[in-house]
Amino acid sequence: MSLQKGFMPKLIIDNIAVEVAEGVTVLEAAQSVGIHIPHFCWHPALGKAGACRVCAVKMVDGPVKGIQMSCMLPAQDGMVVSTTDQEAMAMRRQVIEWLMINHPHDCPVCDEGGECQLQDYTIAGGHGLRSYTGKKRTHINQYLGPHIEHEMNRCIQCYRCVRFYQEFAGGTDFGVMGSAGRIYYGRVEGGQLESPFSGNLVDICPTGVFTDKTARFRARYWDYDMAPSVCPHCSLGCNTVPAARYRELLKIVARRNDAVNGWFICDKGRFTNSVVNDPARPRYPLVDGRKVGWDEALDNLLLRIREFGAVHGPESLAIVGSSRLAMEAATLLYRLFAGIAAGSLCYFTLEEEADQARAAITHLNDATSASMGDVQEADLIALVDCDLLQDGPMMALAVRQAWRKGAKIFLVENDVAPEAQKGLPFEWQSVSLLSDIPIREARKPVIICGRGKGMQDVAPALTSGVKLAYLLGGPNAFGAALLSAGHGATTLAQAVASGKVKGILAVEVDIPPELLQGISFIAALDWRATAIVKAAHIVLPTTAWVEMDGTYINNEGRAQRFKKVMHPGLPIMGLDPAGHPPRRHETAPPGGEPRPAWQVVADIIERTGTERDVQPLSGQWQWLRHLDAESPGQRIWQNMKQVK
Ligand code: FES
């Protein structure tokens with residue numbers, strides 16, 4: 001039968017009529033109506049390989065007959081498929097038994113145990129006893145760096161790892177060697193994996209060949225506290241699931257969002273748990289280095305602010321937030337600024353970061369803003385002043401997917417150091433100017449702007465149909481820029497240059513030492529042990545993003561909510577040098593004093609007497625309260641008519 005454009009094959013799977021788009025496989029067609037067919041080598045992001053043979057189904061009638069691999073077979077009109085046919089089930093059972101001939105029975109000591117596809121299908125298929133009595137094939141494992149544990153004996157040769165690492169992510173230091181029954185996935189020589197996306201091997205392996213070494217032997221799947229979250233380590237807003245146990249963040253895995261990160265995350269987002277578990281984190285309110293209760297700290301803060309105002313004038317105080325502050329607290333900063341009649345309100349410290357975020361909110365709207373999903377579909381991409389692997393690694397992965405489909409990539413020669421281009425997983429053509437790129441000839445062109453002067457060249461290149469993406473300075477830089485513009489805020493650098501600032505109330509912000517010259521009073525709200533926290537007269541500890549609910553607006557203007565994963569508190573393993581929990585009963589966890597930044601800011605506002613019962617996200621931001629953390633997020637333009 002000749003298939004015309006727009007043709008939708010109709011088939012029957014387990015007595016359910018299914019209609020799917022042309023090119024969809026039988027396995028995907030079954031999934032579309034909720035029928036699950038076992039699979040190892042097929043993956044939604046990688047497609048089919050036909051390697052594992054566990055997706056067998058029986059084609060009962062129609063153009064194809066007999067036992068077939070459902071991941072390899074395109075759905076065709078008139079097919080009648082059975083996934084429960086005895087012959088198909090026997091085939092799947094036998095495949096599992098063959099795979100288990102060499103797979104070690106080591107689930108009790110395997111970190112994948114409890115979240116292992118092979119374990120699930122083995123049990124589901126009824127293979128409880130093995131009849132094979134011979135010796136199992138064994139391999140020697142490799143050291144793959146500090147993050148990933150290698151256990152080749154568990155391999156079922158599905159090729160997912162190498163397909164991801166080489167084809168999807170462009171890595172060249174890891175591959176498949178050997179043949180037949182001696183296939184080996186690894187490096188030519190042991191050593192740290194070079195790809196900045198190597199951690200995805202942990203998620204993509206359907207069994208325990210690659211596991212997260214940083215969480216090794218620490219918990220089982222059911223032990224973890226988990227919740228949908230958003231990565232805070234750059235502005236792209238990749239979706240994650242952090243997993244914690246006993247107040248310690250143990251690991252982070254990717255969460256699917258097709259418009260943002262797809263199925264994957266970068267290693268920076270996956271392996272940066274230590275900032276949350278850092279023993280040096282501020283855990284208690286401090287006044288002049290003395291541990292105090294919250295009431296005393298807040299009273300003291302208000303007293304100091306009044307004394308400071310009496311000496312220097314209240315206008316000498318600057319309220320300083322940052323792009324790492326979630327919207328809940330960021331939207332309260334103006335009310336704090338008004339409540340204590342401070343002189344400067346800053347959402348950015350340095351001009352460069354503020355300029356870049358300002359450019360993003362000026363040029364982006366629902367039509368022009370490119371998501372990473374849009375980048376993957378582009379046919380021409382111009383990179384302007386980008387250090388992709390530093391400022392947004394997953395954007396580099398998105399550009400690679402477009403390049404694999406034939407997109408032309410241009411790199412405008414600029415101020416970014418040549419080292420920044422090393423390791424980019426795609427080929428490009430260098431040009432001197434943005435105007436040298438044939439943007440008008442492309443059907444789906446995207447310009448990606450990093451930091452630096454090049455972004456000023458972008459405006460003239462904007463014609464209809466061109467989409468733009470910015471790599472901004474923090475997870476909520478876009479939101480901070482909206483608030484900064486809305487409130488007419490300045491940058492700290494500008495406020496300090498005016499010579500007026502003598503005191504700083506710093507809310508989750510890093511401030512370079514040169515901006516602290518001549519500052520006589522510092523109060524700091526933060527969860528990181530930053531230089532400003534160490535220098536502060538008053539420290540109010542806040543919760544990390546995994547310890548609270550919150551909202552970030554990512555680089556494309558997409559608001560995404562994240563949920564609390566764990567209670568704040570000292571990790572049990574860090575409480576005592578001997579690693580033992582406290583030997584006394586307490587109602588609150590030790591080190592559990594940190595509060596969400598919005599709550600601390602609200603407490604300060606209430607103590608000024610200007611407002612009561614201060615709640616975050618009110619007025620034009622109220623819609624953010626109803627965002628579902630499990631949804632793909634919402635772009636701001638659909639909810640805020642007044643935003644361009
Ligand atoms: Fe079809 Fe592996 S999932 S052969």
Side-chain angles (χ1 to χ4, degrees), residues 9 11 13-14 18 20-60 62-76 79-103 112 115-127 152 154-168 175-176 178-181 183-185 200-210 256 262-264:
L11 62 163
I13 306 177
D14 291 349
V18 190
V20 289
E22 192 182 345
V24 164
T25 64
V26 170
L27 185 143
E28 291 163 323
Q31 285 186 337
S32 73
V33 289
I35 298 170
H36 183 85
I37 300 176
H39 55 272
F40 290 123
C41 63
W42 179 85
H43 184 280
L46 306 178
K48 57 199 176 192
C52 73
R53 321 309 281 176
V54 83
C55 64
V57 295
K58 176 84 168 273
M59 308 304 291
V60 181
V64 182
K65 298 267 177 50
I67 295 293
Q68 296 287 334
M69 295 306 118
S70 60
C71 74
M72 300 296 288
L73 195 62
Q76 293 173 45
M79 282 179 162
V80 179
V81 186
S82 171
T83 69
T84 54
D85 174 88
Q86 288 304 314
E87 204 184 339
M89 285 178 35
M91 165 96 185
R92 297 202 295 263
R93 211 167 23 242
Q94 276 158 17
V95 169
I96 294 279
E97 187 164 357
W98 298 330
L99 294 175
M100 290 305 294
I101 280 180
N102 282 309
H103 187 88
E112 193 84 356
E115 47 187 323
C116 174
Q117 234 171 304
L118 179 62
Q119 193 180 37
D120 288 349
Y121 290 151
T122 303
I123 302 301
H127 177 62
M152 258 306 292
R154 296 177 185 146
C155 182
I156 57 167
Q157 297 85 39
C158 72
Y159 288 80
R160 268 193 189 184
C161 57
V162 72
R163 283 153 66 213
F164 169 78
Y165 200 92
Q166 292 189 348
E167 294 169 22
F168 199 92
V176 55
S179 64
I183 282 176
Y184 190 89
Y185 299 88
N200 291 298
L201 295 182
V202 172
D203 292 356
I204 205 121
C205 177
T207 176
V209 180
F210 305 99
R256 182 183 180 184
W263 288 81
F264 306 111

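Ligands are counted one by one from 1 in listed order, and the atoms in each one are counted from 1 as well.
- Atoms of ligand 1 lying under 4.0 Å from any heavy atom of C52, numbered from 1 in the order shown and given with element: 2 (Fe), 3 (S), 4 (S).
- One finds the OG1 atom of T25 at 13.0 Å from the CE atom of M69 (value rounded to the nearest 0.5 Å).
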(request) Check the pair I67, E87 against side chain to side chain contact (heavy atoms under 4.5 Å, CB included), reporting the backbone distance first and the verdict last. (result) CA-CA 8 Å; I67 295 293; E87 204 184 339; 3.7 Å; yes

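- Angle SG(C71) to atom 1 (Fe) of ligand 1 to SG(C55): 110° [nearest 10 degrees].
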(request) Could you please spell out the steps behind the ring-ring contact (aromatic ring centres under 6.0 Å, His included) verdict for Y165 and Y185? (result) CA-CA 11 Å; Y165 200 92; Y185 299 88; over 10 Å; no

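- In summary, of the residues considered (K65, K58, R92), a salt bridge (Lys or Arg N to Asp or Glu O under 4.0 Å) with D85 occurs for K58 alone.
- Interface of W42 with ligand 1, defined as ligand atoms under 4.0 Å from a residue heavy atom, comprises 3 (S).
- In the vicinity of H39, heavy-atom distances shorter than 4.0 Å reach the ligand 1 atoms 3 (S).
- Close approach of ligand 1 to R53 (heavy-atom distance below 4.0 Å) involves ligand atoms 2 (Fe), 4 (S).
- Those atoms of ligand 1 that come under 4.0 Å of a heavy atom in G50, given as number and element, are 4 (S).
- Residue contacts to atom 2 (Fe) of ligand 1: C158 brings no N, O or S atom closer than 2.8 Å.
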(request) With side chain to side chain contact (heavy atoms under 4.5 Å, CB included) as the test, would you mind laying out the steps for L73 and M59 before giving the verdict? (result) CA-CA 10 Å; L73 195 62; M59 308 304 291; 3.7 Å; yes

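- The CG atom of L99 sits 6.0 Å away from atom CZ of F40, with the distance rounded to the nearest 0.5 Å.
- Only the backbone of A51 comes within contact range of ligand 1, with a heavy atom under 4.0 Å; no side-chain atom does.
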